[in-house]
Amino acid sequence: MKNKELAAMFSEMADILEITGEVIFKVNAYRKASRVLDELLEDITRIHSEGKLHDLTGIGKAIAAKIEEYLATGDMRKFNEVKAMVPPSVVSLLEIQGLGPKTVGMAHKRLGVQSLDDLKRAIADGSLEKLPGMGAKKIGGIRRGIELFESGHKRVFLYDAICIADDIITQLKATFGNEIGRISPAGSTRRMRETVRDIDILVETDQGEAVVAAFTRLPLAKAVLAAGATKGSIVTASGVQVDLRAVPTASFGAAQQYFTGSKAHNVKLRGIARTHNFKINEYGIYEGERKLGGESEEDIYRILGLTWIPSELREDRGEIECAASGCLPQLIDYGEIKGDLHVHSNKSDGHLSIARMSEAAVKLGYQYLAICDHSKSAAYARGLSPEALLDSIAEIKALNEKFSNFRILAGTEVDILSDGNLDYDDELLAQLDFVVASIHSAFTQNPTGRIIKAIENPHVDMIGHLSGRLLGKRDGYAVDYERIFEAARQTNTLIEINAQPMRFDLDDIHARRAAESGIKLAIISDAHDAVQLQYMKTGIGIARRAWLTKQDVLNTAPVEQILS
DNA sequence: GCCGTTTTCGGCCCGACTGTTTTCAGTCG
């Protein structure tokens with residue numbers, strides 16, 4: 001699909017044009033177009049051939065013409081023109097904290113800076129400091145930004161972000177006790193995005209200065225970027241930036257709404273506010289000087305004529321329209337999972353025995369746990385021979401004697417081999433309670449056909465990590481989602497939402513599409529030890545981002561329904 | 001460059017923090 005290519009092109013043009021000083025609204029129009037293309041599920045080629053380019057919001061006459069040109073010729077004159085203005089090595093300087101388009105543009109134009117090395121030289125020989133608006137402190141900030149950049153300031157996995165936020169919240173609560181009220185993550189952590197760049201935390205307090213000061217003195221703070229009366233900013237030892245904002249009670253809800261975003265969601269909300277002659281900021285919602293609300297998030301949405309929108313939905317993907325017409329779904333809740341349908345034991349590449357994994361699941365209040373160790377061809381993961389699998393089945397049967405309100409399901413994560421056959425024969429698979437089939441090799445060899453063949457095997461209950469992607473490491477294999485969803489629908493086969501922090505596979509967008517296609521999903525941890533069972537929480541977050549309800553997710557059901 | 005239930009022209013979210021200024025610009029979220 002050309003969608004991603006075009007999205008990247010418009011995004012790159014936006015960056016370059018901003019550096020060269022193009023009017024910001026044009027830059028933002030390109031950014032918006034990039035985002036729309038990036039999130040589009042339908043093939044842009046098809047939309048174009050149906051003459052529906054103009055139906056997309058953010059795609060007007062000029063951008064549509066550029067898309068058209070690219071689809072027809074494989075080239076875009078405007079893109080080439082823009083690209084020639086500034087080399088990519090300059091554009092990448094924007095990733096440095098504290099260095100924005102104005103400074104990059106000025107360094108490029110006035111000093112001929114072409115790369116990171118040039119920039120360092122301009123700092124070292126003092127020429128950067130001589131430019132207008134530059135001083136010793138600003139240069140110091142850019143230096144720090146370069147250090148951070150070179151030490152690999154990447155996005156962190158959602159699960160890690162939540163752990164860091166929880167840790168900070170616990171410590172601040174312990175220090176301040178009743179002096180602080182509500183305290184919670186905001187930003188992309190609260191929206192449960194699969195990765196997070198910075199962690200935002202909001203705290204309800206009148207002691208802003210003291211709380212911010214304590215925050216910047218926490219043991220995990222390696223560097224302090226800012227410390228004011230309402231905002232503090234640190235970098236942790238692991239290189240993650242954490243922002244804390246101190247907010248008084250009367251505006252906590254407004255601040256929560258504001259800092260949770262997303263940006264696109266807030267922009268649209270502000271647009272609605274404007275049509276009512278209201279103004280929203282982080283302190284509240286106002287009509288002229290008169291404050292209408294702001295202590296709770298519900299205030300803001302209610303006054304705009306909307307029902308409260310769960311944070312995971314706030315991406316401007318139709319949630320505001322639904323909140324206006326009252327058609328928001330009843331999202332699956334964090335307490336509704338009754339069991340995990342894909343975990344490993346130390347029989348294959350897990351770290352704990354089946355018994356220990358089961359005890360951990362019981363502690364979480366689960367009613368069932370499917371042990372799905374790897375199959376014989378997965379040598380790297382110590383896959384089970386047929387005999388070893390039979391031993392497992394016997395062991396599980398014996399263990400189940402001890403439980404009254406809990407059941408271990410005998411399962412497997414069977415490899416889908418390169419020819420599309422499964423790694424165990426049907427006779428063996430028939431003896432299992434739950435069968436997950438996954439691709440672990442030969443990623444380029446007709447993955448769609450192999451997955452569909454697996455789906456058509458009557459013993460297969462669920463397809464594991466459908467795309468095989470690893471965030472930050474490897475793109476998914478090229479699967480035809482629509483064909484696979486159709487096959488799964490016809491055979492009542494589940495597709496999993498794998499909650500491993502670097503997988504989230506299906507991702508939110510495809511999980512939503514799957515549910516719309518009439519498929520049931522399961523959220524599973526793919527845990528290899530007891531702690532990893534906790535990944536379920538972020539998996540539910542992704543499911544909520546996908547607009548899934550309890551009915552869309554099979555493992556909200558009791559065990560009888562799983563086995564039926 | 002996009003968009004329209006006040007608009008086909010004139011808007012386009014908005015404020016904190018910081019540093020370099022002496023009233024503001026850049027960056028960030």
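Note that the structure is predicted; figures quoted are calculated from it, not measured. Just so it is clear, the values below take in all heavy atoms, side chains as well, and ignore hydrogens, waters and symmetry mates.
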Asker: Without decimals, in angstroms, what is the distance between L56(A) CG and dC3(B) C1'?
Answerer: 15 Å

Asker: What nucleic acid atoms does A136(A) come within less than 4.0 Å of, heavy atoms only: base, sugar-phosphate, or nothing?
Answerer: sugar-phosphate

Asker: Give the rounded distance in Å between these two atoms: CD of E18(A) and C1' of dC28(B).
Answerer: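 E18(A) atom CD is separated from dC28(B) atom C1' by 12 Å.
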
Asker: Out of R545(A), R513(A), R544(A), R193(A), which one pairs with D508(A) under the salt bridge (Lys or Arg N to Asp or Glu O under 4.0 Å) rule?
Answerer: R545(A)

Asker: What is the pairing partner of dG26(B), taking Watson-Crick or G-U wobble pairs with both distances under 3.5 Å in any strand?
Answerer: dC17(B)

Asker: If the glycosidic angle sits within 90 degrees of zero it is syn, else anti. Tell me which applies to dT7(B).
Answerer: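 The base of dT7(B) is oriented syn (glycosidic angle within 90° of 0).
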
Asker: Would you measure the distance from the C1' atom in dT21(B) across to the matching atom in dT7(B) and give it in whole Å?
Answerer: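 My reading of the C1' atoms in dT21(B) and dT7(B) gives 38 Å.
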
Asker: Please list all pairs meeting ring pair (Phe, Tyr, Trp, His ring centres under 6.0 Å) that have one or both residues in residues 198-254 of chain A, counting only residues at least two apart or in different chains.
Answerer: none

Asker: Quick one: sort the Y481(A) and F485(A) rings into parallel, tilted or perpendicular, breaks at 30° and 60°.
Answerer: tilted

Asker: Do the side chain of D480(A) and the main chain of E482(A) share a donor and acceptor less than 3.5 angstrom apart?
Answerer: yes

Asker: Which is true for T57(A) with a 4.0 Å heavy-atom rule: it touches a base, it touches only sugar-phosphate, or it touches nothing?
Answerer: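 If one applies the 4.0 Å heavy-atom cut-off, T57(A) turns out to touch the sugar-phosphate alone, with no base involved.
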
Asker: Rounding to a whole Å, what distance do you find between L128(A):CG and dT20(B):P?
Answerer: 11 Å

Asker: Show the numbers, then the answer: is there a salt bridge (Lys or Arg N to Asp or Glu O under 4.0 Å) between E315(A) and K268(A)?
Answerer: CA-CA 10 Å; E315(A) 299 288 346; K268(A) 182 164 265 184; over 6 Å; no

Asker: For atom P, what is the distance between dC14(B) and dC9(B), given to the nearest Å?
Answerer: 24 Å

Asker: Roughly how many Å is it from CG in L225(A) to C1' in dG29(B), rounded to a whole number?
Answerer: 13 Å

Asker: Are K263(A) and N266(A) side-chain neighbours, meaning at least one heavy-atom pair lies under 4.5 Å?
Answerer: no

Asker: Can you tell if the side chain of L119(A) reaches within under 4.5 Å of the side chain of L99(A), non-hydrogen atoms only?
Answerer: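 With C-beta onward as the side chain, the pair touches.
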
Asker: I19(A) has an atom CD1; how far is it from atom P of dT27(B), in whole Å?
Answerer: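 After rounding, the reported distance stands at 10 Å.
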
Asker: Taking DNA chain B as the partner, which of residues 65-90 of chain A come within under 4.0 angstrom of it by heavy atom?
Answerer: K66(A)

Asker: Under 4.0 Å from OP1 or OP2 of dG29(B): is there any side-chain N or O of R197(A) that close?
Answerer: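 Yes, because at least one side-chain N or O of R197(A) sits under 4.0 Å from OP1 or OP2 of dG29(B).
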
Asker: Can you tell me, in whole Å, how much space there is between the C1' of dT18(B) and that of dT23(B)?
Answerer: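 Result for the C1' pair: 15 Å, nearest Å.
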
Asker: How far does NZ of K83(A) sit from NZ of K78(A), to the nearest 0.5 angstrom?
Answerer: 15.0 Å

Asker: Would you mind telling me which residue lines up with the more 5' stretch of DNA chain B, M134(A) or G100(A), judged by nearest nucleotide?
Answerer: M134(A)

Asker: If you look at every strand shown and take non-hydrogen atoms under 4.0 Å, does A229(A) touch a base, only sugar-phosphate, or nothing?
Answerer: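 Sugar-phosphate, no base atom in range.
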
Asker: On DNA chain B, nearest-nucleotide positions of G60(A) versus L99(A): which is more 5'?
Answerer: G60(A)

Asker: Nearest 0.5 Å please: distance from the CZ atom of R270(A) over to the NZ atom of K279(A).
Answerer: 10.0 Å

Asker: Please report the distance separating the C1' of dT6(B) from the corresponding atom of dG11(B), rounded so that it comes out in whole Å.
Answerer: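 Those two atoms are separated by 13 Å.
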
Asker: Any idea which of dC17(B), dG1(B), dC3(B) is nearest the Y30(A) side chain?
Answerer: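 Among the listed nucleotides, the one closest to the side chain of Y30(A) is dG1(B).
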
Asker: Do I285(A) and L304(A) have side chains that approach each other closer than 4.5 Å (heavy atoms only, starting at C-beta)?
Answerer: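 In short, these two side chains touch, coming nearer than 4.5 Å.
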
Asker: K130(A) NZ to dG19(B) P: how many Å, rounded?
Answerer: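 The answer, rounded to whole Å, is 21 Å.
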
Asker: Tell me the interatomic distance from I142(A), atom CD1, to dT18(B), atom C1', rounded to whole angstroms.
Answerer: 12 Å

Asker: Heavy atoms only, 4.0 Å cut-off, all strands: where does P101(A) land among base, sugar-phosphate and nothing?
Answerer: sugar-phosphate

Asker: Please state the P separation for the pair dG4(B) and dT8(B) - nearest whole angstrom.
Answerer: 13 Å

Asker: Taking N or O atoms only and anything under 3.5 Å, show me the protein contacts with nucleotides 12-16 of chain B, one pair per line.
Answerer:
unit_1, atom_1, unit_2, atom_2, d
dC13(B), O2, R270(A), NE, 3.2
dC14(B), O2, Y258(A), OH, 2.6
dG15(B), OP1, K279(A), NZ, 3.4
dG15(B), OP1, N281(A), ND2, 3.3
dA16(B), OP1, Y283(A), OH, 2.6
dA16(B), O3', T230(A), OG1, 3.0

Asker: For a quick check of understanding: with a heavy-atom distance under 4.0 Å over all strands, which category does A186(A) fall into, base, sugar-phosphate or nothing?
Answerer: nothing

Asker: Any chance you could lay out the salt bridge (Lys or Arg N to Asp or Glu O under 4.0 Å) test for R290(A) and E287(A), step after step, and finish with the verdict?
Answerer: CA-CA 5 Å; R290(A) 193 164 68 94; E287(A) 184 170 27; 3.1 Å; yes

Asker: Nearest-Å distance, NZ (K138(A)) to P (dC28(B))?
Answerer: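 Whole-Å distance recorded here is 10 Å.
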
Asker: Under 4.0 Å, heavy atoms only, any strand: does I199(A) hit a base, just the sugar-phosphate, or nothing?
Answerer: nothing

Asker: Distance between the C1' atoms of dC13(B) and dT20(B), in whole angstroms?
Answerer: 26 Å

